[in-house]
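Each remark here refers to the structure printed beneath this line.
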Amino acid sequence: QVQLAESGGGSVQAGGSLTLSCAATGATHENYYMAWFRQTPGKAREAVAALGREGRTTYNRFAQDRFTITKDSTKNTLFLRMTSLQPDDSAVYYCAAGPAEQRLEHFPFMAGAYDAWGQGTQVIVSE
């Protein structure tokens with residue numbers, strides 16, 4: 001059973017940067033897809049970025065050129081480096097993990113294919 005714990009959220013002014021971390025226990029990254037999602041009150045959870053096998057990355061349109069998803073396999077930790085943050089980026093950010101299977105190979109943003117979720121970390125971006 002994979003367990004995930006996010007950290008690194010906080011408050012930042014517009015234009016600033018944050019790096020989120022997700023510590024994973026119970027599985028190695030090589031066997032799993034890892035992803036970041038985010039959610040704001042009253043809105044559906046949306047995918048931010050995903051990291052698959054062989055380092056394949058996928059970014060949502062709003063994250064392109066601003067966010068970077070990486071992993072440190074030696075520490076079983078996933079990261080999300082966020083730059084040029086804007087108030088619209090304010091949300092609870094969740095880390096997710098799912099077994100590398102055909103669904104995620106083709107649709108890395110399919111939330112239902114991820115079977116482990118962290119508790120989330122809050123990001124607040126002020127004007």
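Just so it is clear, the values below take in all heavy atoms, side chains as well, and ignore hydrogens, waters and symmetry mates. Since the structure is predicted, the reported quantities are computational estimates derived from the model, not experimental observations.
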(request) Could you tell me which non-hydrogen atom of R38 sits nearest to which non-hydrogen atom of D88, and how far apart they are? (result) NH2-O, 3.9 Å
(message) Does F107, at its CZ atom, have more than 12 non-hydrogen atoms belonging to other residues, nucleotides or ligands within less than 6.0 Å?
(response) no
(request) Check whether any side-chain heavy atom of W117 lies under 4.5 Å from a side-chain heavy atom of E6, and answer yes or no. (result) no
(message) I want to check something: taking the side chain as every heavy atom from C-beta on, are L4 and L78 in contact at a cut-off of under 4.5 Å?
(response) no
(message) So, taking the atom named CZ in F79 and the one named CH2 in W36, what distance separates them when rounded to the nearest 0.5 Å?
(response) 9.0 Å
(request) Determine whether more than 12 heavy atoms belonging to other residues, nucleotides or ligands lie under 6.0 Å from atom CD of Q13. (result) no
(message) So for atom CD, which belongs to Q64, do other residues, nucleotides or ligands contribute more than 12 heavy atoms lying within a distance under 6.0 Å?
(response) yes
(message) A side-chain contact here means heavy atoms from C-beta on lying under 4.5 Å apart; do Y32 and D115 qualify?
(response) yes
(request) Can you see which heavy atom on A14 is nearest to which on P87, and at what distance? (result) CB-CD, 4.2 Å
(request) Please report the shortest heavy-atom distance between Y93 and D89, naming the atom on each side. (result) OH-O, 2.6 Å
(message) Does any part of the side chain of I69, heavy atoms only, come nearer than 4.5 Å to the side chain of Y59, both counted from C-beta?
(response) yes
(request) To the nearest 0.5 Å, tell me how far E127 CD sits from Q86 CD. (result) 8.0 Å
(message) Using only atom types and a distance under 3.5 Å, with no angle test, would you say the side chain of S90 pairs donor to acceptor with the backbone of V125?
(response) yes
(request) Mind listing the closest non-hydrogen atom pair of A23 and T77 along with its distance? (result) CA-OG1, 4.2 Å
(message) Measuring only between side-chain heavy atoms, which start at C-beta, is M82 closer than 4.5 Å to V48?
(response) no
(message) Using every non-hydrogen atom in the two residues, find where A24 and M34 come nearest and quote the distance to one decimal.
(response) CB-CE, 4.4 Å
(message) Is it the case that the side chain of Y114 and the backbone of L104 share a donor-acceptor pair, with hydrogens and angles ignored and the cut-off at 3.5 Å?
(response) no
(message) Testing the basics here: between S17 and S84, what is the closest heavy-atom pair and its distance to 0.1 Å?
(response) OG-N, 4.3 Å
(request) Rounded to the nearest 0.5 Å, what's the gap from SG on C95 to CD on Q119? Could you check? (result) 11.5 Å
(message) So, taking the atom named CD in E46 and the one named CD in Q39, what distance separates them when rounded to the nearest 0.5 Å?
(response) 9.5 Å
(message) With rounding to the nearest 0.5 angstrom, report the OG1 to CG distance, T68 to L51.
(response) 11.5 Å
(request) State whether a side-chain donor-acceptor pair under 3.5 Å links Y33 with E105. (result) yes
(message) Quick check: is F109 connected to F62 through a chain of hydrophobic side chains (ILVMFWY, heavy atoms under 4.5 Å apart)?
(response) no
(message) Whether the side chain of N60 engages the backbone of A47 through a donor-acceptor N/O pair (distance < 3.5 Å, no angle test) should be reported.
(response) yes
(request) Spell out, yes or no, whether F67 and I124 are grouped together once hydrophobic residues are joined by side-chain heavy atoms under 4.5 Å, including indirect joins. (result) no
